[in-house]
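Below is one structure, written out as structure tokens; comments come after it.
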Amino acid sequence: MNKPMTAAALAIALGTAMTIAATPVAAQTADKEKCYGVALKGKNDCKAGAGTSCAGTSKIDHQGNAWSMVPKGSCEQTASKTSPTGKGQLAEFKEKKA
Amino acid sequence: MSSQSAFAEALLAEEVVCPPGLATWNGSAPGKRFAVYRNNVIVSLIDALADSFPVTQELVGEQFFRALARQFVRAAPPRSPVLALYGDGFAEFIEAFPAATGVPYLADVARMELLRVQAWHAADADALTPDEIARLLGDPAALPDARLILHPSVRLLRSPYAVVSLWAAHQSESAALALAAVDPAQAETALVLRNVLDVEISAIAEGPATFILNLQQGVAFGQAAGQALAADAGFDLAASLGLLIRGGVLAGVEFPGSTHS
């Protein structure tokens, strides 16, 4: 059997871990963002295995409630012909008539 | 043999043999109608595998994958009506599939994709809140014997191949480019977990892997950390706990004799 860690070492690590976990996730994972209204018909993302997939289910180009993962910051630069702002959006929106 | 099992067997048989006793409502040939039904059964199961194992498919191409999946469907039809979880044993089947020996990492990529599907469908559990964690720090003496409970979605895969990097390369737009940077023969351990509604996959070192496996086996916090340090001198407990807390998978704490979560 290996030597267990002491209570003090565990407490310090747990305290540090809380600080680590509290720092914004942005730096670690979020180089991507969900972008609504930019996917072409049937090309939206989202996949979780057989029977649950909503990927590739969008019915029209630039559907307002379908999203794609795009590099962070690029979403609101991407043209969307259905979006009221003319660009992709970070939340779903109701399409304007093209 | 009952007519039902004869029917089921005929669906998966190598040759189309119309089970006896079938009749059609409009007098068309039962054999032809049965062949259509049989084809739909097998193709829909192959489609289900393609949905659950997208990277496995990309690695070998659609044609190879569907031929492989067809044989698996015949050999191991679903045992449960829950199609979403179909694919148990697919990795083992790939391992034994002679034509796939040229892609030695294929089975482990499939194994990891199955874990991903399982993590997605695993039960929910609330993560400990920062307040609850802070309260634990109020009684450090109780920590070594505490049992940390992980979220039911947490899964590990130790592979002699770079499963996580291979998988990650296929998530990018330019998979070919990203793949060129991956050395498949680099061993990796995959940590699969569901953070609220997103399944996250990351490669972790031997220390955190040992730590998480011990916790999953119910080993006490102090002992689990000690095992991890013994397995990997560079083990950073704070970073590992940070990974679990940030992933939302530190789901509870139990103390011997009493429970608390």
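Just so it is clear: chains get the letters A, B, ... in the order the sequence lines come, proteins before strands, and each one is counted from 1.
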What part of [X] gets within 4.5 angstrom of chain A, counting heavy atoms only: side chain, backbone, both, or neither?
X	answer
B:Ala134	both
B:Ile133	both
B:Ala225	both
B:Leu137	side chain

Contact summary for [X] and [Y], nearest pair of heavy atoms:
X	Y	result
B:Arg246	A:Ile20	NH2-CG2, 3.2 Å
A:Ala7	B:Leu143	O-CD1, 4.3 Å
B:Leu237	A:Met5	CD2-SD, 3.7 Å

Practice task
Working to the nearest 0.5 Å, report the span between CG of B:Asp131 and CE of A:Met18.
Solution key: 7.5 Å
Handout entry: Reported CG-to-CG distance for the pair A:Leu14 and B:Leu250, which is rounded to 0.5 angstrom
Key = 7.5 Å
Practice task
Please say whether more than 12 non-hydrogen atoms of neighbouring residues, nucleotides or ligands are located less than 6.0 Å from CG in B:Asp126.
Solution key: no
Exercise for the section: Side-chain contact test, heavy atoms from C-beta onward, threshold under 4.5 Å: evaluate it for A:Leu10 versus B:Pro140 and give yes or no. Expected result: no
Exercise for the section: Heavy atoms only, distances under 4.5 angstrom: which of B:Val82, B:Val199, B:Ile245 has the most pairs with chain A? Name it, please. Expected result: B:Ile245
Practice task
For chain A, find which of B:Gly242, B:Ala230, B:Gly222 contributes the most heavy-atom pairs closer than 4.5 angstrom.
Solution key: B:Gly222
